[in-house]
Enquirer: 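Take a look at this one; I'll ask things after.
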Amino acid sequence: LTTEVLARRPDVHAAEAALAAANADLVVARAEMLPSVVLTGDIGWTALTSAVLISPQTLVFSLAAGLTQPLFKGGALIGNVRLTEARARELLANYRGAILAALQDTDDAVFGLAQTSLQEALQQQSVRNAERAYAISEAQLSAGTIDLLALLITQTTLFNARNQLVSARLARLQAAVGLFRALGGGWSLPT
């Protein structure tokens, strides 16, 4: 199966989205362990009297850099990274499981469609044989070599074979729908 087909299945799509979110959470958890730099700026006046307050020489600019590093958090950051990694591994396993389930569903559906198609073909042959036997019985009835009861028995066999053919065709169509669902459905014919 191609990735396009797998992506159409809601269970695979949901597992993939959860795995992507877990990977993003892991990036955030690892980033929390890194030191961060904070830049602050300040503007102020150095004059104490209002007479010299408006003078441009009393204007003071300052720029300060602060380095903060996550220390002594009791291993909480490392624990958070490990928890996030474990969650990502769990979601990866779920994603793989969803893909395997999709592949198994598809394999089962293809096998079911093949089996029901074979059963329908065999039942069509049975109907052709019953139709031939009925035609021969009609000819024999016309020739007077068999009675009406023998013809009715042959006709009943023909009707039963036709009913079984309809059942076999229904089973094949249901298997085709099952394959459509296993593949994720939703495709359309080109226009």
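Here the structure is a predicted model, which is why all the values come from computation and not from measurement.
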Enquirer: Side chain of Thr145, backbone of Gln140: donor and acceptor closer than 3.5 Å?
Expert: yes
Enquirer: CZ of Phe159 to CG of Leu152: how many Å apart, nearest 0.5 Å?
Expert: 9.5 Å
Enquirer: Atom OG1 of Thr116 and atom CD of Gln174: how far apart are they, to the nearest 0.5 Å?
Expert: 9.0 Å
Enquirer: Any salt bridge between Arg128 and Glu131, counting N to O under 4.0 Å?
Expert: no
Enquirer: What's the separation between atom CG in Leu158 and atom OH in Tyr134, rounded to the nearest 0.5 Å?
Expert: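 Leu158 CG to Tyr134 OH: 8.0 Å, rounded to 0.5 Å.
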Enquirer: Look up atom CZ in Phe111 and atom CG in Asp107, then write down how far apart they are to the nearest 0.5 Å.
Expert: 9.0 Å
Enquirer: Can you sort out the partners of Asp25 under side chain to side chain donor-acceptor pair (under 3.5 Å), two or more places apart, ordered by chain and number?
Expert: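 Per chain and number, Asp25 pairs via side chain to side chain donor-acceptor pair (under 3.5 Å) with no residue.
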Enquirer: Can Arg82 and Glu85 be said to form a salt bridge (Lys or Arg N to Asp or Glu O under 4.0 Å), step by step?
Expert: CA-CA 5 Å; Arg82 287 182 181 158; Glu85 287 173 343; over 6 Å; no
Enquirer: Quick check for you: to the nearest 0.5 Å, what is the distance between Asp108 atom CG and Leu103 atom CG?
Expert: 11.0 Å
Enquirer: If you take all heavy atoms of Leu113 and Ala176, which pair is closest and at what distance?
Expert: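 In this case the closest contact between Leu113 and Ala176 is CD1-N, 3.8 Å.
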Enquirer: For Leu122, I'd like to know if atom CG has over 12 heavy atoms of other residues, nucleotides or ligands within 6.0 Å.
Expert: yes
Enquirer: Could you pull out the closest heavy-atom pair between Leu26 and Val81, with the gap in Å?
Expert: CD1-O, 3.9 Å
Enquirer: Looking at Gln123, Gln119, Glu120, which hits side-chain hydrogen bond (donor to acceptor under 3.5 Å, both in side chains) with Arg172?
Expert: Glu120
Enquirer: Nearest 0.5 Å please: distance from the CZ atom of Arg96 over to the CG atom of Leu91.
Expert: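 Here the rounded value is 12.0 Å.
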Enquirer: Should Ser137 and Ile146 be marked as a side-chain contact (heavy atoms from CB on, under 4.5 Å) after you check the CA-CA gap, both sets of side-chain angles, and the distance that decides it?
Expert: CA-CA 8 Å; Ser137 294; Ile146 64 167; 4.0 Å; yes
Enquirer: Test your reading of the model: is there a side-chain donor-acceptor pair from Glu138 to the backbone of Leu151, 3.5 Å cut-off?
Expert: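 The answer is no, because no donor-acceptor pair under 3.5 Å joins these two groups.
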Enquirer: Give the minimum heavy-atom separation between Thr106 and Leu183, together with the two atoms involved.
Expert: CG2-CD2, 3.6 Å
Enquirer: Does Thr157 use its side chain to pair, donor to acceptor, with the backbone of Ile153 at less than 3.5 Å?
Expert: yes
Enquirer: Looking only at heavy atoms, what is the nearest atom pair of Ala161 and Val127, with distance?
Expert: O-CG2, 3.3 Å
Enquirer: Please determine, by modelled atom types, if Gln164 and Asn160 share a side-chain donor-acceptor pair under 3.5 angstrom.
Expert: no
